[in-house]
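Just below is one structure, and these are the notes that go with it.
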Amino acid sequence: MRNEMTSPAGRKLKKSSQLKYIAGRLKRNKLAVAGLIIIIIMTLVAIFSPWLAPYQYDKTDLSNMFSPPTREHPFGTDELGRDILSRIMYGGRYSLRIGIISISCAAVAGAAIGSVAGYFGGKSDLLIMRVLDIIQAIPGLVLAIAVSATLGPGFTNCIIALAIGVTPAFARMTRASILNIRKMEYLEAATSINASNFRIISRHVLPNALSPLIVQSTMGIATAILIAASLSFIGLGVQPPTPEWGAMLAGGRNYITNYPHLVIFPGVTIMIAVLSLNMLGDGLRDALDPKLKD
Amino acid sequence: MGRYIIKRLLMIIPVAIGVTVLIFTIMYFTPGDPATIILGSNASAEQLKQKNAELGLDKGYVQRLADYMGNLILKQDLGKSYMNNRSVSGDIMERFPRTLTIAFFSILIAIVIGIPLGIAAAVNHYKWQDSVAMIVALFGVSMPGFWVALMLVLLFALKLALLPAMGIGDGLRSYILPCIACSFGGLATIARQTRSSMLEVIRADYIVTARAKGQVERVVIYKHALRNALIPVVTDAVTSFGLMLGGALVIETVFSIPGLGVYMVTAINSRDYPAIQGAVVFMSIVFSLVMLLMDLIYAFVDPRIKSQYQKSKRRIGDA
């Protein structure tokens, strides 16, 4: 171990070195760094799309429909003459937001439910786990279909449908790590100095259960983007003319024979986004895994 | 073993009931009046009221739930479609085999390619075979299945004209592209899992022993290592199979294969709630059965579970 506690501010020094250590391990993993960079770029492009995109996403040009990729339109234009590159740039606002918001909600809700179940155990644990069993007995995509069919299509409903489906996985994972942590001596110490349950869970238990949660969230955003695209594709997610990537694929599929660029570019974009998140998730898992430390 | 199987079989009953109640409740809150959907907006208030009474929709939540559960358990009846008045369970049973065919052959492809890919990666850890296999696997989990399907149609059906682009008119040939498209995600997951569990096993002492006694490398890998590495892979394969059943729903719509997915999408577009509800309940019960199958396979391949139950049996016998 480097940075043994030699300075008077030893505790602080060690804490920051831990983070640095993880960052250092992550930095050594080239795929993870590439994934992180691509995701940051995609997010920035999505945020600044009104200034970066060459055209408005909904600007139609009926004299220039189905244009193949040209210098003016690098990804070509769609059935209404809208610039596909601009639509993809704007679309990131929807696709990435769906992934990030739904997973954040699911992670927070799941972590809360899982902590309660794992920490208190007993009847509340039994009840929560049985309910989770039931929700998890429904395949994720099918549950998302059922919820969207009830709520109706749309951006917010799509997020709700996804979040409900993923919450049990987060709850289960948090519960498992908390069951491990509960046996640790530092919890006994906290209990013995009369710390409140809330304080113990929020200050001692959750931070130690965090690393699997971070990895799962990264991968979860990737899965959520894929499921959201599937939902939009079968007409249940975000509706056209909103330039969500899955909705763009749904709109372009009828023209695939003669104008394949309508489906190739949005699909490749989804793939790159998901691929980067998966690479980052893999890297984070290795960086945070204490078993792999040398 | 018998006791374990019975215990697991019994555990599925509350889950199946819970799932049905949950789906029913979600669907119960769907806005919109079924009678208006069936009769159209021109129907008189009288007609609408009569239709709702006919469908049993004028009753309360508990009564309707009880009716639904009763019909499902006693008659395996999921109600009648709003659109064509046909039995939902009959329609589902007619269409489900097609979805199952896609999922079954997809998992077969995924296992047959995924496991060797994972072994090759683990055996050649840090060499080019490892990198290639893992890059293939990363791409596999990152592509939307329905998009892969579209790309396969574009290449093999539209450009090369080798395989049919849609329908099931060509028998099994019509299933080739859908199965390939559907297998990608599972293939990648299985390859990654095989690799990581092989890597764990390969460092074990008994592998060193096997090598030290001069065992042929092929036998070491396939007999000593793979058998022990296979347990988590089995779990992953069965989970993938469950996910493929879901994925097949979307992929069907690309190929217009009249399976459960197309049925659900049609039902959703025409707001045919008994059909949606029936399909979701049916899929969930099938999914639970697949998970049950996983536990049973798990008990079969993992000697620790087997011995646990054998021991307890012996103890009962002693007493």
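Quick note on labels: first sequence line is chain A, next is B, and so on, each numbered from 1.
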At what distance, to the nearest 0.5 angstrom, does [atom1] of [X] lie from [atom2] of [Y]?
X      : Y      : atom1 : atom2 : answer
B/S142 : A/I225 : OG    : CD1   : 10.5 Å
B/L249 : A/S230 : CG    : OG    : 10.0 Å
B/I135 : A/L31  : CD1   : CG    : 6.5 Å
B/L158 : A/I256 : CG    : CD1   : 6.5 Å
B/M283 : A/L143 : CE    : CG    : 12.0 Å

For the residue pair [X] and [Y], what are the closest heavy atoms and their distance?
X      : Y      : value
A/A146 : B/M27  : O-CE, 4.0 Å
B/F139 : A/M271 : CE2-CE, 3.5 Å
B/W147 : A/L249 : CD1-CD2, 3.6 Å
A/F233 : B/T253 : CE2-OG1, 3.9 Å
B/V15  : A/A137 : CG1-CB, 3.6 Å
B/L138 : A/M279 : CD1-CG, 3.7 Å

Choice from A/V263, A/I270, A/L141 maximising heavy atom contacts with chain B below 4.5 Å: A/V263
Option in [options] with maximal non-hydrogen atom pairs under 4.5 Å from chain A:
options                       : result
B/V250, B/I276, B/I26         : B/I26
B/I12, B/I285, B/V254         : B/V254
B/L243, B/N269, B/L150, B/V21 : B/L150

Check against side-chain contact (heavy atoms from CB on, under 4.5 Å), B/L22 and A/V131: CA-CA 10 Å; B/L22 181 70; A/V131 173; over 6 Å; no
A quick test of your reading: do over 12 heavy atoms of other residues, nucleotides or ligands sit less than 6.0 Å from CZ of B/F24? yes
With a 4.5 angstrom heavy-atom cut-off, could you sort out which part of [X] is near chain A: side chain, backbone, both or neither?
X      : answer
B/V290 : neither
B/V19  : both
B/R192 : side chain

Side chains of A/V274 and B/M143: closer than 4.5 Å at any heavy-atom pair? no
Report yes if some heavy atom in the side chain of B/L154 is under 4.5 Å from a heavy atom in the side chain of A/I264; otherwise report no. yes
